[in-house]
Protein chains: 2
Amino acid sequence: MAEEAHGLGRHTRQRLQVTALLEETDEFRSAQRLHEMLRARGVPVGLTTVYRTLQILSDAGEVDVIRLPSGEHLYRRCGAGRHHHLVCRHCARTVEIPGPGVEQWARRIARQHGYVDVAQTLELFGTCADCAAQGRT
Amino acid sequence: MAEEAHGLGRHTRQRLQVTALLEETDEFRSAQRLHEMLRARGVPVGLTTVYRTLQILSDAGEVDVIRLPSGEHLYRRCGAGRHHHLVCRHCARTVEIPGPGVEQWARRIARQHGYVDVAQTLELFGTCADCAAQGRT
DNA sequence: CCAAGTTTCGGAAACGGTTGTCATTATAGT
DNA sequence: ACTATAATGACAACCGTTTCCGAAACTTGG
């Protein structure tokens with residue numbers, strides 16, 4: 001029993017490759033992009049498996065997920081604790097924003113109106129300093 | 001020229017029916033649901049037209065749109081001013097939350113990190129008092 | 001009222017990211 | 001190693017949404 005105490009399943013080659021790739025940078029990337037990158041470096045992995053692995057990781061709280069207006073999901077290895085994200089809409093550069101303030105606010109608002117079991121979605125999108133300097137709108 | 005000063009197109013029967021239906025309640029409803037409801041009451045309107053109309057209305061700021069985790073869009077006639085929503089995840093009962101506080105907070109955070117042109121997504125989901133009383137989790 | 005020019009309609013097909021299917025393959029406890 | 005069990009992955013299905021495009025309905029000038 002060297003494994004299986006972390007809420008994830010088995011340590012397969014594919015999952016190790018996905019998590020390793022996620023460790024390399026802290027940019028948000030789509031499942032399809034991660035899949036491409038793995039194939040490009042000669043790792044034979046199926047798109048389905050990438051999706052499933054990311055699902056598992058996000059369920060386990062190991063990665064953060066955001067949804068673009070277009071509907072696609074972006075994934076990133078997760079910092080500790082609850083937080084939100086300030087994401088550049090051009091280059092996906094991301095800053096983590098500590099969350100407690102907003103969450104307390106949300107809980108208070110909800111209680112005032114008799115709502116329980118509150119969840120929230122909060123993401124900030126903007127143009128980072130570099131992209132703004134390059135004239136990207 | 002009795003029309004055309006509101007950013008919407010012509011006042012067609014279909015668009016009037018959609019906006020009339022939106023006026024009836026302030027629940028969030030999906031395009032498909034609105035379409036069903038119109039057909040059910042004998043209004044012959046195409047699903048495409050419902051989607052287009054809702055697109056136009058939301059571009060014009062006449063309706064609010066939220067996106068469920070599943071990816072579908074829900075529409076509701078719009079209150080004045082910037083605000084967010086506290087939505088019951090079971091019955092879609094909705095409370096409008098005035099937005100200024102959060103928006104100022106967002107702008108300040110963004111500026112601290114050199115980001116400009118900030119946009120935000122914020123929705124609160126919870127279980128309303130009635131649904132909680134009926135034991136819905 | 002008629003004709004020409006626009007706008008809108010709406011059924012059907014396309015789209016795109018995601019999830020399901022299921023036979024094959026790999027993993028890990030014994 | 002052996003075996004039960006979980007994971008893989010090519011492919012197809014899904015599902016809300018958008019696009020296409022010919023037909024129908026307005027609008028406007030004459």
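Side chains are part of it too, since the values below use all heavy atoms of this structure and drop only hydrogens, waters and symmetry mates. Proteins get letters first, then strands, A, B, ... in listed order; numbering begins at 1 in each.
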Trainee: Counting just side-chain N and O atoms, does A:Arg15 come under 4.0 Å of either OP1 or OP2 of D:dT8?
Mentor: yes
Trainee: Between B:Thr49 and C:dG10, is there a side-chain N or O to OP1/OP2 distance below 4.0 Å?
Mentor: yes
Trainee: What integer distance in Å separates A:Gln32:CD from C:dG16:C1'?
Mentor: 8 Å
Trainee: Using whole Å, what does the distance between atom C1' of nucleotide C:dG17 and atom CG of B:Leu68 come to?
Mentor: 17 Å
Trainee: Without decimals, in angstroms, what is the distance between A:Arg13 CZ and C:dA28 P?
Mentor: 11 Å
Trainee: Taking atom types as modelled and ignoring hydrogens, do the side chains of B:His90 and B:Arg136 form a donor-acceptor contact shorter than 3.5 angstrom?
Mentor: no
Trainee: What does A:Arg52 touch in the nucleic acid at a heavy-atom separation under 4.0 angstrom: a base, only the sugar-phosphate, or nothing?
Mentor: base
Trainee: Between atom CD in A:Glu72 and atom P in D:dT17, what is the gap in whole Å?
Mentor: 17 Å
Trainee: Nearest whole angstrom, please: distance from the C1' of D:dA24 to the CZ of B:Arg10.
Mentor: 12 Å
Trainee: If you count heavy atoms of other groups shown closer than 6.0 angstrom to CZ of B:Arg41, is the number above 12?
Mentor: yes
Trainee: Which comes earlier along DNA chain D counting from the 5' end, the contact point of A:Thr12 or that of B:Leu47, where each point is its nearest nucleotide?
Mentor: A:Thr12
Trainee: Can we call the ring centroids of B:His85 and B:Phe125 under 6.0 Å apart?
Mentor: no
Trainee: For residues B:Tyr51 and B:Ile66: do they belong to one hydrophobic cluster (side chain heavy atoms under 4.5 Å, members Ile, Leu, Val, Met, Phe, Trp, Tyr)?
Mentor: no
Trainee: So, OP1 or OP2 of C:dT19: does either fall under 4.0 Å of a side-chain N or O from A:Gln55?
Mentor: yes
Trainee: Could you give the CG-to-C1' distance, from A:Leu54 to D:dG9, as a whole number of Å?
Mentor: 15 Å
Trainee: Take atom CG of A:Leu16 and atom P of C:dA28, then tell me their distance rounded to the nearest Å.
Mentor: 9 Å
Trainee: Is the shortest side-chain N/O distance from B:Tyr51 to OP1 or OP2 of D:dT17 below 4.0 Å?
Mentor: yes
Trainee: Taking all non-hydrogen atoms of both residues into account, name the closest pair between A:Arg76 and A:Thr94 and its distance.
Mentor: NH1-CB, 3.6 Å
Trainee: Is there a side-chain polar atom (N or O) of B:Gln14 under 4.0 Å from OP1 or OP2 of C:dT8?
Mentor: no
Trainee: Pick base, sugar-phosphate or nothing for B:Thr48, based on heavy-atom distances below 4.0 Å to the nucleic acid.
Mentor: base
Trainee: Measure the distance from NE2 on B:His73 to C1' on D:dG16 and round it to the nearest whole Å.
Mentor: 9 Å
